[in-house]
Protein chains: 2
Amino acid sequence: MTLKDIAASLGVSVNTVSRALADKDSVGEDTRARIKAEAQRLGYVPNSMARSLVLGSAMTLGLVITNPSNPFYSQLISTVEQRGRACGYSLMLLVTEESPEADQRAAEALLRWGVDGALVVPVQSDGQHWERLNESGVPLVLLNRDFPDLALDFVGVDYEHGAYEATRHLIEGGAKSLCLMEEDLPISPVEQRTAGFRRALAEAGIEPSRDPVLSVPTRRRESQALPWEPADAYRLAQDIVAGGDLPDAIMVGNDYFALGVYRALSEAGLRVGEDVLVGGFGDHPFAAYLTPALTTVRLPVAEIGTTAVDVLLKRIQGGTDHQAEKRHERCELAVRASSRATVRASTSEDTTT
Amino acid sequence: MTLKDIAASLGVSVNTVSRALADKDSVGEDTRARIKAEAQRLGYVPNSMARSLVLGSAMTLGLVITNPSNPFYSQLISTVEQRGRACGYSLMLLVTEESPEADQRAAEALLRWGVDGALVVPVQSDGQHWERLNESGVPLVLLNRDFPDLALDFVGVDYEHGAYEATRHLIEGGAKSLCLMEEDLPISPVEQRTAGFRRALAEAGIEPSRDPVLSVPTRRRESQALPWEPADAYRLAQDIVAGGDLPDAIMVGNDYFALGVYRALSEAGLRVGEDVLVGGFGDHPFAAYLTPALTTVRLPVAEIGTTAVDVLLKRIQGGTDHQAEKRHERCELAVRASSRATVRASTSEDTTT
DNA sequence: ATGAAAGCGCTAACAG
DNA sequence: CTGTTAGCGCTTTCAT
């Protein structure tokens with residue numbers, strides 16, 4: 001079913017049909033009605049591809065994600081898709097699983113498809129292809145992971161501040177020797193959290209003898225990146241426990257690591273929230289339901305998703321005049337039992353996220 | 001940069017360029033080399049839209065998901081995207097958030113874009129538009145939720161069997177009065193789990209006086225479906241505890257519900273795995289790390305994703321001749337401490353999922 | 001081996 | 001108000 005078919009069936013010209021269906025003026029009321037009726041009858045569906053070709057816009061956004069299984073990103077996918085569609089845009093999704101090659105291929109694919117713009121969580125080994133894509137005229141917004149040196153829009157979390165606040169909270173709770181467990185990816189969120197953590201330590205005058213920032217090795221399994229494995233954090237935590245000088249507070253870069261830490265500690269007969277305080281990142285759905293409930297930094301995922309889309313759309317419409325803007329959205333600490341030495345059980349308020 | 005530009009710059013015809021770049025025969029070796037070099041130099045990128053328009057295929061698959069935040073679906077997104085891209089297909093993602101209207105709009109969008117085929121987790125209120133889309137010539141594979149009456153391919157989990165096995169396991173563990181907590185969506189997985197649960201009860205000669213299948217109300221929050229809220233299960237579990245006749249085993253339709261159940265029970269001074277056995281569904285990353293570790297049914301997500309893509313591609317290539325096939329993949333019970341009255345702590349084997 | 005011409009389905013400029 | 005013409009970028013006949 002094409003415009004041509006309708007036109008033929010009605011004995012009018014193709015573009016009268018086009019205009020009638022597009023509700024343009026300069027079409028007789030009766031003709032329009034007849035055309036619409038016929039279109040309905042024949043089950044006409046406009047061909048987006050042809051339309052895009054001539055219009056020069058596919059009304060499509062690209063979304064490049066490293067790992068959809070990460071709850072932060074899965075929520076982002078949902079938000080972005082909905083916000084985009086609300087503005088008339090379809091979504092083309094690309095998954096990179098932390099592979100630099102996939103990241104590069106993603107940039108090419110976006111260029112080929114002529115998306116109107118793209119939201120990108122980059123594999124942060126190299127950002128040149130993203131810069132090039134942007135220079136090719138495809139507006140880009142980096143999500144969550146920034147290349148500070150590149151003049152690309154960015155929307156993400158203020159991890160530095162989040163880590164700082166959380167660490168300070170632990171210190172105020174009495175912690176004197178703290179450590180931070182982070183995934184071993186060279187990405188800006190890790191850097192920022194590390195910086196925030198160190199700042200809090202420095203401000204409190206805590207000077208650990210050894211580097212308090214520990215790296216949890218990232219593994220890969222058949223085309224899947226596994227950066228957030230409780231098992232890996234579990235092993236590292238076991239080592240810490242076995243190693244002798246136990247910290248009295250452990251920060252982790254994501255809530256999944258906290259699961260491993262919980263287990264290692266409890267197996268060693270240590271009580272989380274009493275012997276050792278624990279703080280996480282992400283406020284994943286299970287965090288409030290652990291025993292003890294996990295203190296964690298809540299990330300403004302929805303804001304980030306919708307803001308990113310809005311920034312991108314402004315870029316698409318407005319052109320490329322104004323400077324790149326880097327937005328770091330504030331996050332909020334959800335205090336629960338794992339960081340309150342004095343409190344035994346969590347209150348039910350904590351569960352209503 | 002278009003073929004035309006390259007052609008002009010080299011003084012050859014457009015379609016010589018086209019064939020040279022497509023590595024077709026009937027192009028002189030020297031010409032081809034010159035053309036390729038020039039294409040490289042000018043940074044030529046083929047326009048997928050124009051290509052699709054003339055070829056009649058966009059090399060694109062549609063993926064319709066109700067809720068990306070559901071770990072089962074987020075993993076599915078990842079698998080499908082990768083498998084699809086490995087076969088040369090791009091992915092267009094649509095999110096419905098359990099909204100029947102969005103579900104309908106998704107079908108239209110797919111038709112407009114002329115995707116080569118689609119994988120669909122349908123909002124199961126009505127499947128007619130999917131049937132129509134399929135009849136319009138867009139091959140379709142239903143994911144996870146089936147319309148048994150419609151002649152559409154389906155790939156999903158054998159929930160009936162999974163629930164049956166899990167329930168039997170609980171009964172063998174000594175349970176005499178069991179209940180099942182399910183989300184209140186009218187979808188085939190819930191039906192199947194319920195059926196499996198009931199079959200296990202019946203076989204064991206257990207005849208509860210009241211209906212043992214309990215429904216956890218699904219809520220919505222600003223364009224987001226929340227079918228799996230620990231808080232909701234928590235409340236329901238509280239009611240059960242308060243209600244008097246406590247079951248000695250609780251099955252839940254997903255692991256998130258188990259979180260709520262754990263809390264309600266422990267707040268009532270009941271010990272999971274001793275006073276009350278608990279079994280879940282999904283084997284979410286946190287399941288093995290709860291205290292006690294959660295016995296749960298592991299779903300073959302990766303198999304389902306890749307199988308679904310393969311079935312779809314066969315459909316796309318093979319045509320629409322053979323009958324619809326419905327594949328229910330077997331799942332596997334991960335037995336852990338929450339269902340072992342005799343075991344106190346979980347062994348570390350359980351954690352290496 | 002190469003070029004010219006036609007067309008995918010649609011929209012935008014012009015005429016009339 | 002409507003029809004004609006042209007063209008988006010590419011591929012596929014068909015000539016040469």
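Each chain gets a letter, A, B and so on, in the order its sequence line appears, and its residues count up from 1. Side chains included, hydrogens not; waters and symmetry mates left out as well; all remaining heavy atoms used.
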Minimum heavy-atom distance between B:Val27 and B:Thr16, given as atom pair plus value | CG2-O, 4.5 Å
Of A:Lys4 and B:Arg32, whose nearest nucleotide on DNA chain C comes first from the 5' end?
-> B:Arg32
Atom of A:Ser188, atom of A:Arg145 and distance for their closest heavy-atom approach = OG-CA, 3.4 Å
Could you give the CG-to-C1' distance, from A:Leu10 to D:dG3, as a whole number of Å?
-> 15 Å
For B:Ser26, answer base if it contacts any base atom (sugar-phosphate contacts may also be present), sugar-phosphate if it contacts only those atoms, and nothing otherwise; contact means non-hydrogen atoms under 4.0 Å.
-> base
Which pair of non-hydrogen atoms, one from A:Arg112 and one from B:Pro46, has the smallest distance, and what is that distance?
-> CG-O, 3.4 Å
Okay, side chain of B:Thr2, backbone of B:Lys4: is any donor-acceptor separation there less than 3.5 Å?
-> yes
For a side chain to side chain contact (heavy atoms under 4.5 Å, CB included) with B:Ile316, tell me which candidate from B:Val115, B:Val138, B:Leu61 qualifies.
-> B:Leu61
Identify, with sequence neighbours excluded, every residue that meets side-chain contact (heavy atoms from CB on, under 4.5 Å) alongside A:Glu29.
-> A:Arg32
Would you kindly give the CG-to-C1' distance between A:Leu55 and C:dA13, to the nearest whole Å?
-> 14 Å
Check A:Ser69 against A:Gln224 and note the closest heavy-atom contact, atom names and distance.
-> OG-NE2, 4.3 Å
B:Gln128 atom CD, over 12 foreign heavy atoms within 6.0 Å = no
Go through residues 41-54 of chain B and report each residue with a non-hydrogen atom lying under 4.0 Å from DNA chain C, sorted by number.
-> B:Leu53, B:Val54
Interatomic distance where CG belongs to B:Leu3 and C1' belongs to D:dG7 [whole Å] | 15 Å
Could you tell me the separation between the CD atom of A:Glu29 and the C1' atom of D:dT2, rounded to a whole number of Å?
-> 15 Å
Is it the case that B:Thr66 and B:Glu97 place a side-chain donor and acceptor less than 3.5 Å from each other?
-> no
Tell me which residues in residues 12-21 of chain A put a heavy atom below 4.0 Å from DNA chain D, sorted by number, or none.
-> A:Val12, A:Ser13, A:Asn15, A:Thr16, A:Arg19
Any side-chain N or O of A:Thr31 under 4.0 Å from OP1/OP2 of D:dC1?
-> no
Just to confirm, is there a sub-4.0 Å distance from OP1 or OP2 of C:dA12 to any side-chain nitrogen or oxygen of A:Lys24?
-> yes
Between CE of B:Met1 and P of D:dC8 the distance, given in whole Å, is 14 Å
